[in-house]
Protein chains: 2
Amino acid sequence: MPRLGTQRRRTQHEPQTTSSTSDLGDLKTYYYTQTLDHFNYRPDSYTTFKQRYVINYRFWGGANASAPIFAYLGAEESLDDDLPIIGFLSDNAPRFQALQVYIEHRYYGKSVPFGSMNEALKNASTRGYFNSAQAIADYAAVLLHVKKKLSAQNSPIIVVGVLAAWFRLKYPHVVLGAVASSAPILYFDTIAPRHGYYSIVTKDFKEASKSCYKTIRKSWAEIDRLTSKPHGLSTLSKRFNTCNQLNESADLKDLLESIYTEAAQYNEPPTYPVSVICSAIDGASVGTDTLG
Amino acid sequence: MPRLGTQRRRTQHEPQTTSSTSDLGDLKTYYYTQTLDHFNYRPDSYTTFKQRYVINYRFWGGANASAPIFAYLGAEESLDDDLPIIGFLSDNAPRFQALQVYIEHRYYGKSVPFGSMNEALKNASTRGYFNSAQAIADYAAVLLHVKKKLSAQNSPIIVVGVLAAWFRLKYPHVVLGAVASSAPILYFDTIAPRHGYYSIVTKDFKEASKSCYKTIRKSWAEIDRLTSKPHGLSTLSKRFNTCNQLNESADLKDLLESIYTEAAQYNEPPTYPVSVICSAIDGASVGTDTLG
């Protein structure tokens, strides 16, 4: 599944300490009958699928008070993965007496058209409906539906998430405001530098530790050097304790790259994974070679 | 072809006297390779068709002066029909040193996908791409193309036409402003009164002449009464001098309705067709019956 940047690995999560976790018991799950294609009158465009959304009513001041609606526009993952870590809504809902609405992005989690992920990704035609323009049209439909269901026509909606800025631009009549924190809304060819994402990852490591950065930089050539030797890949497999035998150097490089990029992308408190990685690399005993 | 309201009949036009006609010689015609579906990654969405647009460079102050671009977003008819009557651009271009761009709406004139109008309207799937969301996406693509071609990145664009308001909402980064004169942008179920269009037509005739309004009102029942008589339709055919024999009363009613609605929709100087019709109706000699 296409992602901007790398996906945070769930297994490595620290136990959550934000208020969002404690609210999970208040969440109610719904399914909206969503239209497959919002911009087309072809008969197959009217195909529908079930889109999951979750509401936390706990702090809402209600429709009569025109209390606001905070809506999280699901990112490129299952809502099951989003819910435990999206603190913005639950952190701010009490103060604003806001309704919290979390909407799953189409083609993720339980919001998959064509009955199953296998069918949905089967070919270019079924995958063709998997795009951001359709996704934000989904969100508009769900939000208008929620407002109607709750008779909350006067409750202003604030959207949050990577698609929030685009949503606000395209559906200004649906939402009053948008918070697109850390959203790469201008990360496109001809606007951003071509290797902008990786430049920042490199910069993060360089700032954390110059020697760590240098070791990592040298390691790529070292992996290639070892790979070209007899039994080189076996040596690397043993050295990195891989579950399966490496087939090519790219297997190892891709793994390392994902570790570095994930660390930089989610270099947050309290763990600061970039520092953790660099401490390990820099802390190797004297005489250890580039690959540890 | 779906239209909002009635289509002005070209054959009844008075000779044009506005400046737009005199500029027709300055118009240059281009064709843009347009994408069939802007919101979908299905392989067939990448099908292209030629979209016609016309530019009048005569008054343009040029890219270096950041002189503005006035763009007419084609309505539901061929650009050949639009060009002689759209005075707004040519009337205002000299004062603002504006470039005039006229873009034909998809599925009209020479901007028809699938090779021919027959193919384009063949079935629900080919017709499915015929909608306003796709049309305004077309305009965005053409306008960005024109700006690029003329190196006119700093020239602000003002759009004009029935789709202008929607265009400004959905593509705020492409145009600085929109003039949607007389555009029924809120003419939808649940917003406008159900028979709003026809109420206004009725009001127009009532204001022009109360007796004219009454005669027209009576005429529908009179047509039904005559139709139910032996040889009634033949009598009506002769009375209204129809080219072909009427098959049902609706044939005549539809014709009359289109005459009345067109007159009201285009009740402009210098002809004021509503007054012309009412003068004829009211001016019938004494003793003439309802159907003249």
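All values reported here derive from a predicted model rather than from experimental measurement. Labels below follow one simple rule: chain letters A, B, ... track the order of the sequence lines, proteins then strands, and each chain is numbered from 1.
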Test side-chain contact (heavy atoms from CB on, under 4.5 Å) applied to B/Tyr171 and A/Lys170, step by step: CA-CA 8 Å; B/Tyr171 299 91; A/Lys170 295 293 186 187; 3.4 Å; yes
Are more than 12 heavy atoms, taken from residues, nucleotides or ligands other than B/Lys110, located less than 6.0 Å from that residue's NZ atom? no
Heavy-atom count around A/Asn123 CG within 6.0 Å, excluding the residue itself: above 12? yes
Would you call B/Asp44-A/Arg42 a salt bridge at under 4.0 Å N-O? yes
Student check: side-chain heavy atoms of B/Arg127 and A/Tyr41 closer than 4.5 Å: no
Looking at A/Ala124, A/Ala133, A/Pro172, which one has more heavy-atom pairs under 4.5 Å with chain B than the rest? A/Ala124
Give the C-alpha distance, both sets of side-chain angles, the deciding distance and a yes or no for side-chain contact (heavy atoms from CB on, under 4.5 Å) between A/His38 and B/Phe39. CA-CA 8 Å; A/His38 299 274; B/Phe39 305 99; over 6 Å; no
Should we count NZ of A/Lys149 as having more than 12 external heavy atoms under 6.0 Å? yes
Let me know if A/Ser125 has heavy atoms under 4.5 Å from chain B in its side chain, its backbone, both or neither. both
Consider only side-chain N and O atoms of A/Asn40 and B/Asp37, and report whether a donor and an acceptor are under 3.5 Å apart. yes
